[in-house]
**Student:** 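Pasting in a structure now, in structure tokens, and then I'll have a few things to ask.
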Amino acid sequence: MDRINYEEHMMLFQRVAELLDLPPRIRLELSQPTKEVMLNFTAQLQDRLKRIPEEEWGRFAHVPESNAVVDRDFITANNLEVLADGDIVFDRRVFGRDRISLEDGVVKFSDGSVYRLVRGAPRQFKGYRVQHNNARGPYKGGLRFHQDVHIDLFKLLASEMTWKTAIANVPYGGGKGGIRIDPEMYSVTELERISTRFVYKLKSLVGPYYDIPAPDMGTNARIMGWMFRQYSDGERSRHQLRAAFTGKDVRIGGSLGRREATGRGVFFCIDEWLSRRPNIKQPVTYTVQGFGNVGTWAARCMAEKGHRCVGIQDRWGSIRNDDGIDLNELLQHMADPENVRSSVAGFSGADDVSEGEFWKIPATVCIPAALQGAINADVAEDMDVKLIAEGANGPTTAVADRILKAKGVEVIPDVICNAGGVTVSYYEWLQNLQMSHWSEDEVNTRLEKTLRHNYGIILDIAEGRRPSDQNFEQLSLGREVSIREASMVVALHRIANHYSLEGFSQ
Ligand code: NAD
């Protein structure tokens, strides 16, 4: 993966600021985040059973077998969890349910496997929150749990949120944060402890009218629920604080349609792009990289319209089927208790292929929905697609972008393509503040209208037309610009209005 460089990333902003002749003070306000915070905190980990290599099992012939088999069924029945690295989190409640023999610090299971008990210890974690800009409204942006995060990445992602909220025309600014951990290596109980301890430290920095986190990679509705509890517990007006976190479960104040929103938004943008290209025969083929929240829902919406998924990649493997991958069967494969990593790999309805082969699969559309920088120069050279719909944030490197342009591959930039998530987060926030509920139809109809409208504005600007939207009456570029530049024009135009019409407090 190419190295992230914040200054390099901001070159698009600088170029478009120049193009719009943005006043120097507004440029400075936007060029660096308002606040960059790093938080060190601790949490207590649980005991673990670590697998002893098979060649050493003979040494433990004297250890009586425990009456259980190590697989997911057993784990579910006994509150023991298998983590992605194969370690088992050892919960003492299992003693109340099963005959577990612990001798010489090891446990032997009925399949002969032997595990050593390692005591849980406290561990230190590093958390982050970057607040980029709040000229248009409270800071807004996801919390990412991933092993490779760092402050420059969060600066970059927070600035992207400033542009994205302006493009989606929701009254927010941009923020981003998270924790440097691999969440697949921690139990549910540990994740709850880590998430809530993080919020304990973060509390003074967030709030429903100040900075509103949401899920991102490695976090989900369940984690948002815990975070809300930690944030609001003991507060007198606790329920008015529900809007402090979006992306919650619908049963505790989340919005219908929020879980699906980012993927659905990706689909609306692809559909809008296709509707403007009558030469492309529909249904089309597509591939997806990253099969989590965004990837699965984008794929499901595409499949509903009859489009054919021919390749999928996740962290653990890649699959291909030129006749089409049956998504329902694939989701069943991922939910299989034996499939500890819930991966697409090993699905019987497709062939397993290498990571490199995945990127060469010919298709009309590719939806990157995993990590930033996934499409680098080499990948861009290999790709055989007409459109890249950026479900992930920053999946295409600058060099790859130039290669794709030369190859005639078009892009729907992340700032509009995955803006469905923050748009429905805004609807959730509104519902929480009003203590009301919208129907799923209402959410989806508003989402579709707003995304198609704003994507249309970007396309107008890119193609050298003045958008019919009255906010852009004053805009006159007089020439065509790239789709990424056009997106930035929309963002900066809307943000600059706040500075020029409100002025600066001293
Ligand atoms: P997720 O954690 O639900 O899923 C991530 C997926 O990516 C998983 O399938 C994982 O296996 C896969 N993955 C991880 N590392 C990979 C690698 N090296 N190669 C291939 N696949 C890999 O995350 P998500 O919420 O779906 O977010 C995915 C992307 O979309 C992120 O870039 C995120 O910032 C962006 N995004 C998410 C939302 C949202 O509402 N969740 C909104 C806007 C943007």
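Counting starts at 1 for both ligands and their atoms, in listed order. Below, all heavy atoms of this structure are taken into account, side chains as well, without hydrogens, waters or symmetry copies.
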**Student:** Using distance alone, determine whether Gly295 and ligand 1 share an N or O pair under 3.5 Å.
**Tutor:** no

**Student:** Please round to the nearest 0.5 Å and tell me the distance separating atom NZ of Lys248 and atom CZ of Arg259.
**Tutor:** 15.5 Å

**Student:** Report the member of Leu371, Asp414, Val424, Asn393 with the shortest heavy-atom distance to atom 36 (N) of ligand 1.
**Tutor:** Asn393

**Student:** My understanding is that we take every heavy atom of each candidate and find the minimum distance to atom 23 (O) of ligand 1. Doing that for Met217, Met334, Glu355, Arg341, which one comes out nearest?
**Tutor:** Met217

**Student:** May I ask you to decide whether Asp351 forms a salt bridge with Arg320, counting only side-chain N to carboxylate O separations under 4.0 Å?
**Tutor:** no

**Student:** Is there a polar contact between ligand 1 and Gly421, counting only N or O atoms under 3.5 Å apart?
**Tutor:** no

**Student:** Regarding Gln431 and Ser255, is there a side-chain donor-to-acceptor distance under 3.5 Å anywhere?
**Tutor:** yes

**Student:** If you count the atoms of ligand 1 from 1 in the order shown, which ones are under 4.0 Å from a heavy atom of Ala370?
**Tutor:** 7 (O), 13 (N), 21 (N), 22 (C), 28 (C), 29 (C), 31 (C), 32 (O)

**Student:** Consider ring pair (Phe, Tyr, Trp, His ring centres under 6.0 Å). Of Trp429, Tyr139, Trp163, which one does Tyr172 pass it with?
**Tutor:** Trp429

**Student:** Would you say Lys176 has any N or O atom under 3.5 Å from an N or O of ligand 1, going by distance alone?
**Tutor:** no

**Student:** Can you tell which part of Gln289 has a heavy atom less than 4.0 Å from ligand 1: side chain, backbone, both or neither?
**Tutor:** side chain

**Student:** Give a yes or no on whether a salt bridge exists between Arg484 and Asp401, defined as a side-chain N under 4.0 angstrom from a carboxylate O.
**Tutor:** yes

**Student:** Can you confirm, on distance only, whether ligand 1 has an N/O atom lying under 3.5 Å from any N/O atom belonging to Phe291?
**Tutor:** yes

**Student:** Quick one: does ligand 1 sit under 4.0 Å from the side chain of Ala369, the backbone, both or neither, non-hydrogen atoms only?
**Tutor:** backbone

**Student:** Which of the numbered atoms in ligand 1 are below 4.0 angstrom from a heavy atom of Gln313?
**Tutor:** 19 (N), 20 (C)

**Student:** By the side chain to side chain donor-acceptor pair (under 3.5 Å) test, which pairs, at least two apart or in different chains, include something from residues 289-300?
**Tutor:** Gln289-Gln313

**Student:** Which atoms of ligand 1 are found less than 4.0 Å from any heavy atom of Gly290?
**Tutor:** 6 (C), 7 (O), 9 (O), 12 (C)

**Student:** Is Asp322 salt-bridged to Arg308, going by a charged N under 4.0 Å from an acidic O?
**Tutor:** no

**Student:** What do the steps show when you test Lys140 against Asn134 for side chain to side chain donor-acceptor pair (under 3.5 Å), and what is the final call?
**Tutor:** CA-CA 9 Å; Lys140 182 92 188 85; Asn134 64 352; over 6 Å; no

**Student:** On the 0 to 90° scale, with breaks at 30° and 60°, tag the His307-Phe267 ring pair as parallel, tilted or perpendicular.
**Tutor:** tilted

**Student:** Does Arg315 reach ligand 1 with a nitrogen or oxygen that is under 3.5 Å from one of the ligand's nitrogen or oxygen atoms?
**Tutor:** yes

**Student:** How does Asn293 reach ligand 1, by side chain, by backbone, by both or by neither, if only non-hydrogen atoms under 4.0 Å count?
**Tutor:** both

**Student:** Number the atoms of ligand 1 from 1 as they appear, then name those within less than 4.0 Å of a heavy atom of Arg144, with their elements.
**Tutor:** 31 (C), 32 (O), 33 (C), 34 (O)

**Student:** Which ligand 1 atoms are under 4.0 Å away from a heavy-atom of Arg258?
**Tutor:** 40 (O)

**Student:** With a 4.0 Å cut-off on N to O distance, would you call Arg229 and Glu192 a salt bridge?
**Tutor:** yes

**Student:** Under 3.5 Å between some N or O of ligand 1 and some N or O of Thr262?
**Tutor:** yes

